[in-house]
Amino acid sequence: MNQENNQEEKSFWEKLLSIDRRIIFLFIAVAIAVPLFFKVSMHIPVTPIVRGVYDAIEELPAGSKVLVSFDYDPGSMPELQPMAEAFFRHCFRKDLKVIIMGLWPQGPLQANMALEEVFKDEDIKAKNLQYGIDYVNLGFTAGNEVVIDRMGHSFEESYPKDGQGTPLSELPLMKGVKNYDNVDLIYSLSAGYPGTQEWVQYAVDVFHVKLAAGNTAVQAPSMYPYVQTGQLAGVLGGMKGGAEYETVLGIPGIAVRYMFSQAVAHAVICLFIIIGNLAFFSLRKRKRS
Amino acid sequence: MIKTHTPFFESKSTFFFLIFLLAILFLLTPFPVEAQETSEVEGEPVEEAEAPLPAPPANVTAKDIPNDKGGAITISWEKSADDGEGANNVTEYEILRSTNRDEGYEHIGNTAPGATSFSDSDTKNKVRYFYKIKVISLAGTSLSLPSNPAFSKVQWFDLSRLTLFILALIIGFAIFYFINSAKTGKELFIRKIAGLEAVDDAVGRATEMGRKIIFIPGIMDMDSMQTIAGVTILGRVAKLAAEYETKLEVPVSRSLVMVTCRETVKEAYLNAGRPDAYNDNMVYYLTDDQFGYAAALDGLFIREKPAVVFLQGQFYAESLILAETANSIGAIQIAGTAMPSQLPFFVACCDYTLIGEELFAASAYLSKDPKLLGSLKGQDVGKFIFLLVIFAGVVLLTLNSVFGWNLPNLAEKLF
Amino acid sequence: MSGEVVGVWIGAILTLGIFSFLYKDNPFYKFSEALFVGVSAGYWFVVIFWQYFLPKLVDNLALAYTELVTNGRIDYHWIYLIGGFLGVLMLLRLFPKVGWLSRWSLAFVVGTTAGLQFTRYLQSNGIIQVKGTILPLFVGGNLHTTVGNIVIVVGTFCGLIYFFFSKEHKGAFGGAARVGIWFLMITFGALFGYTVMSRMSLLIGRMYFLFSNWLGLI
Amino acid sequence: MRREVPLVLTAMVGLTMIIAHFIPPLNILKDMFEDWFFIIAAFAIYLGVLNLLRINADKIYKKQRDWPFGIVVILGFLVITIPGLFFSGGRSFSEVGTPFYYLYIHVYYPLSATMFALLAFFVASASYRAFRARNVEATMLLVAAFVLMLGRVPIGDWITVWLPEGYRLGNAADWIMDFPQTAGQRAIMIGIALGLVSSALRVILGLERTYMGGD
C-alpha cells in the first residue's frame, strides 16, 4: 500500500495516484458523519418511476386489500425501513387493508418494527386500527419462490396460520381472501433473493397480479426493464426512492433527513474520481513528452 | 445473413427462416388470459343516508380457469349500479355457490367493492356449479340472478406456455444438433474470450510465485445454475493446478457446495494423474452467512496473500468486499457472474471478467471438448432467433406507427 | 445495567472491531471475524433446523403418521420419506466406504435445478425481455419516446451481438459488437452509481447507530 | 452404480422438471422436489458445521497460527446454537424477547451490518483507483456513473440549475436509467437466459459432469 520509495523521485501527481487508501476511507467517514449533525432539508424532485408506485396505491378505493411482502433483513434497514414506514402511512391513511408476509425469516419482524413507528402518528392512532381487521401479519414461511407460486392457488397452503398462530379462517380480514385474485395490489420490499424479481416471475408472469416494489438501490436498476414492460407498476430505489416517496406523500421522514449526508458523500466520491483522472492524464501527458 | 463457419446456416438458412415464420405464427396466438380488472373507483367517503337497496350485480358468468390442474372456477360480474356511482354505498360483495340452480346456495367468499371477479379454487372437477353474487351496502343487500353452470376440468397442456414450449424445443434442438455435429468432427469456430485465455497464465504465475490459488464459487447453494457453472469451471482450474503442482484452496459458504466441490476437485486431480496431491482439506466450509463469509475471506486474503483469486458464480453485495481486498494485495483476479448488479465491480476491480452468458460458456470453452463447444454454437442460434424476432417485430410496429395502421398491439400478442 | 444497554455496548464494540480492518488487519478484527464466523454458522444452523428441517420433513411425516393412526389411511405425505432418504444419503459422506452414495442426492439436486431454471429463465429473461424490446421506432409527436425506443432497440440488438461466440468480431458485425460493449459499459456505470448510493446509505445507518443509539449525540 | 445411477437420475429429474412445467397436473412435482431440496440441504449443513468445528479444533490442538481465534469460532457457534435450539421456545425462537433474538440483535446484526457498511469505504477506494478514462469504453462507464451519482441527489439539479427545467442532471440520470441502461440490462439478461439453458442442457445430457466425481 504505502511504498517507501524516494520521495524526491515522485512528482505530486504520482504521489496522489498511489495515495494510501486509508486516507480515502477517512474522507468518506467524515463526509458521512458530519452532515448527520445538521438538519438540512433539501428539495427532492419526484421521478416518474416513484410516482408509479404512489399512483398504484393512491388509485385503490378504500377497503382494498394490499399484500406486502417483507423480503429483507436488518442489514438493509437504512434503505428499506423508511419505505416500509411510508408505505404503511399511505395505506392506513387511505383506509386500505394490509396483509403482511415475509419470504425472509427476519422480514415480518421488520414489518412489526415499522408498524410500531407508524402507530405513533396522531392521525393513524386516531383510526384505532385493529389487528385481524385492518391488518394481519402472516409471518415467515420457508420455500422462497415456491411460496409465491403456491399462494397463487391458495394463501392457506403456504400460511395455514398467521405469525401469532391464529388460523387464517379466524381472521376477519382474511375472509374471502383465497389467492391473488382477491388482493388488489402486491407490494414487494426486497433486498435480494428471494425478492421482487421472483414476485415478477412467479406472481406477475403467471397469475397476472399488479405489483409495485421498493428495492435497495443496488437492485433497483435490474427492475427497470420490468417497469418498462409493465410487469411492475414502479419501483422505489434505495434511500433516495424512499425520500421521494416521503416527499410525494407529504410526510418527510428519516429518508429525507439522511439525504444531506448522502449528497455530501456522493460529492466527495465524484471529487475523488476527478482528482484521480487529473493525475492520470497529467502523468500520461508527461510520459508522452 | 450472418456468415458462419459451418455449412449448417448456409445450406439450411431457408429451413431456419421457415422455423422462424412458424414461430411467429404460433406466437401470434394470444394468451388465454382473463383481463385483470383494475378498479377505477376513487375512495369516496361512504354516505350514511337512507337509500333504497343497492342494484344487484348483473351478468354473472362462471367459467373454468384455463391451463390449470382443475379444481378452480372463475366468476365475473358487472358491478352494482350503486358501486362507485349511484348511491355509492356498496361495502362488499359476497359470492354464493350451489350445485342446484334454484336453491342451496352457500357463502364461499367476499370481495371488496369495485371488484368484478372472484376465483373459486375449491371445486370438484366435472361437477356443475351455479353462482350468485350478493351485494352488501349500507342500505341493505340484494342478490343477483344465478350464473350459467360451470365445471372445472384438468388441462393436460398449458396453452399459455405454448410459445415457451416451442422456443424451448427449437433452442434445445439447435444445441443438441450442434453437439452431435461436433461429435462427427466438424470444426467449429469459437471466438476468443479474454478472461478465459488468461486462466493458464494466471495459474502459471501462481506456480512461479509459489503462492496459492483461491477459488470462490459464489455464495449461493446448488439450486443455482450459476453455482453449478462455477463448480464446473473449478473442475478445469483444479486440473490445471494439479498439473502445475500449485496449491489450490476452495473456501465455500454452503455445505452442499462443499460436498460437490470436493468431488469435483478430487476428480480433476485424478484426471491430471495426481490423486496423491488431493486432500479433503483443500475444500472447506466457513459459514452460510453472506457477510460472515466475506469477513472470513477478507482475513484469508490478507493473511495468505494468494497469487490468483477466482470469483466464479452467483454473487451479491459481498462481491465488492472480495474484489477490492484481493486487489489491495495485488492478486490476479478472474471473475465471472450472471448478476448484472455485481458486474460493475468486477469490471472495475478485477483483471478479467466473464459477463453473464460468458460464465455459462466458460467450462465448455476451457474444456476444449468439441461437444461442449458445439452447445455454444447452439446458443448462438437462440440469439439469432431472438434477433430475428426483434427485427421483424420492430419493423412491423414501426410501419404500423408511421402509416397509422390500426393493427392491434402486436407486441402484446407476440409471445 | 439493563440487558438492552449491555447489548448496545456489545454491538458498538463489535462494530468498531470490524471497522478497525479498514486501518489494518489486527487482533481486534480477528476476534470479531472469528466470532462472526462462529455465530453466523450457528445462526443458520438454528434457522435451518427450525424453519426447514422441522416443517419440511418432520411435520409432513407426522401428518402422514397421524392420518395412518387415526384414519388408517396411507397418506401421500409419506412421499417425504424419499426426501429424508436423500438427506440421509448425504450424511453417508461421513463414512468413506459408502460416501459415494451421496452422489445420488447431488444428482437429484443438480437435476432439479437444471430443469427448473431452464424454463424459468427462458420465460422471464428470454421471451418477456424480447417482447419488451419490440417497440415502434417512430412515435408520432413524441420525440422523447421515439429516441428512447430507438436507443433501447439498437442497444439490445448490439448488446446481443457482442455475446455471439461462434462468429469473429470483425467488420460490420464487429462494429455492432463494439456498440454493444458501449451499452454494457453505460449500464455498468449506471449500476455503479446506484450502488455507491446504496452503500453510502448503509454507512449512514451504521454511523447513526454509533452516534445516536450508543453515544446519544444526535 | 457409482457413476451411471447419478447421471441417469440427473437426466430423469431434469427432464421431468421441464416437462412438468407444461403439464398443469404435474406442477405439484415441482413443489415436492423443491421441498426435498430443502430437506437435503438441511441434512447437508451438519456436514458443513462438522467440518468447520473440526478445522478449528485441529487448529487449536496443533497450536497453528492464530489458534486462539479457533476457540472464539467454536464458542461463538455454541453461544448461539445452544440457546437457539433449547432455550428460545422452540419454533418461536426468533420472536422478540427470546435469548436467540437478543443475540441476533446485539451480536449477529451489528457484525453483519458493519461488514455491509464496509462497502461504502471499498466503493470509494474502488472509484478512485479504477475509474480512469483510459479508453472510450472506460469513459462511457465513468460518465454514466458520474451522472447517476450526482443526478440522484439534489446536488445534481443544483449545479445544473442554469439549464432549462427537464434537461438537468436529474433528468439525465432518469434518461440513462430508462433507456440505455434498460437496453444493456436486457442484452445481458437475454444472453444469460440462453447461456443458462445451454448449460442446463449440458448437465441434463450428462456432458458436464465433473461435479459427479470419479469412480
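Just so we're on the same page: letters track the sequence lines, and every chain starts at 1. Bear in mind the structure is a predicted one, so any value in this text is a computation, not a measurement.
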Using heavy-atom distances under 4.5 Å, tell me whether [X] contacts chain D through its side chain, its backbone, both, or neither.
X	result
Phe49(C)	side chain
Ile79(C)	both
Val153(C)	neither
Ser102(C)	neither
Val154(C)	neither
Phe165(C)	neither
Leu203(C)	both
Glu33(C)	neither
Met197(C)	side chain
Phe118(C)	both
Ile152(C)	both
Ile186(C)	both

Out of [options], return the one with the most heavy atom pairs under 4.5 angstrom to chain D.
options	answer
Phe163(C), Phe192(C), Tyr52(C)	Phe192(C)
Val37(C), Thr133(C), Ile181(C), Leu122(C)	Thr133(C)
Phe85(C), Tyr121(C), Phe19(C), Phe45(C)	Phe45(C)
Leu91(C), Val147(C), Ile10(C)	Leu91(C)
Gln129(C), Met200(C), Met207(C), Met90(C)	Gln129(C)
Ser40(C), Gly42(C), Ser201(C)	Gly42(C)

Between Arg202(D) and Ser198(D): side-chain donor-acceptor atoms closer than 3.5 Å: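 A pair is found: one side chain offers a donor N or O, the other an acceptor, under 3.5 Å apart.
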Donor-acceptor side-chain pairing of His144(C) and Asn142(C) below 3.5 angstrom: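 On atom types as modelled, these side chains do not qualify, holding no pair under 3.5 Å.
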Where Asn26(C) and Phe21(C) come nearest, the two heavy atoms and their spacing: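 Scanning both residues completely, I find the closest heavy atoms to be ND2-N, 4.3 Å.
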Shortest non-hydrogen contact from Val39(C) toward Tyr108(D):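 Heavy atoms only, the tightest pair is CG1-CB, 4.1 Å.
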Is it true that a side-chain atom of [X] and a backbone atom of [Y] form a donor plus acceptor pair closer than 3.5 Å?
X	Y	answer
Asp35(D)	Phe33(D)	no
Tyr102(D)	Gly3(C)	yes
Asn51(D)	Leu47(D)	no
Trp50(C)	Gly84(D)	yes
Ser212(C)	Phe209(C)	no
Thr119(C)	His21(D)	no
Ser88(D)	Thr98(D)	no

Contact leader toward chain C among [options], where contacts are heavy-atom pairs under 4.5 Å:
options	value
Asp66(D), Leu53(D), Leu142(D), Thr139(D)	Asp66(D)
Leu148(D), Ile82(D), Asp178(D), Val73(D)	Val73(D)
Ile45(D), Val49(D), Val143(D), Val153(D)	Ile45(D)
Leu75(D), Val203(D), Leu196(D)	Leu196(D)
Ile190(D), Thr16(D), Ile188(D), Val107(D)	Ile190(D)
Phe146(D), Phe37(D), Phe116(D)	Phe116(D)

Part of [X] lying under 4.5 Å from any heavy atom of chain C:
X	answer
Asn56(D)	neither
Leu85(D)	both
Tyr104(D)	side chain
Ile74(D)	neither
Ile192(D)	side chain
Phe121(D)	side chain
Leu50(D)	side chain
Leu52(D)	side chain
Val197(D)	both
Ile176(D)	side chain
Ser112(D)	both
Met115(D)	both
Val79(D)	neither

Listed partners of Ala124(D) passing side chain to side chain contact (heavy atoms under 4.5 Å, CB included), at least two apart: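 In terms of side chain to side chain contact (heavy atoms under 4.5 Å, CB included), with neighbours along the sequence ignored, Ala124(D) is linked to Ile24(A), Ile28(A), Ile269(A).
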Heavy atoms of other groups near Tyr101(D) OH, more than 12 under 6.0 Å: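 Atom OH in Tyr101(D) is packed in, count exceeds 12.
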Flag if over 12 foreign heavy atoms under 6.0 Å of CD1, Ile28(D):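 Open: at most 12 neighbouring heavy atoms sit under 6.0 Å from CD1 of Ile28(D).
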Atom pair CG/CZ of Leu92(C) and Phe43(D) - distance to nearest 0.5 Å: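 It comes to 10.5 Å.
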Centre of [Y]'s six-membered ring, under 6.0 Å away, within 45 degrees of the axis: is that where NZ or CZ of [X] sits?
X	Y	answer
Lys167(C)	Phe173(C)	yes
Arg206(C)	Tyr109(D)	yes
Arg132(D)	Tyr128(D)	yes

Check against ring-ring contact (aromatic ring centres under 6.0 Å, His included), Phe183(C) and Tyr162(C): CA-CA 10 Å; Phe183(C) 272 91; Tyr162(C) 165 77; over 10 Å; no
Derivation and outcome, side chain to side chain contact (heavy atoms under 4.5 Å, CB included), residues Leu61(C) and Leu81(C): CA-CA 7 Å; Leu61(C) 290 181; Leu81(C) 271 180; 3.9 Å; yes
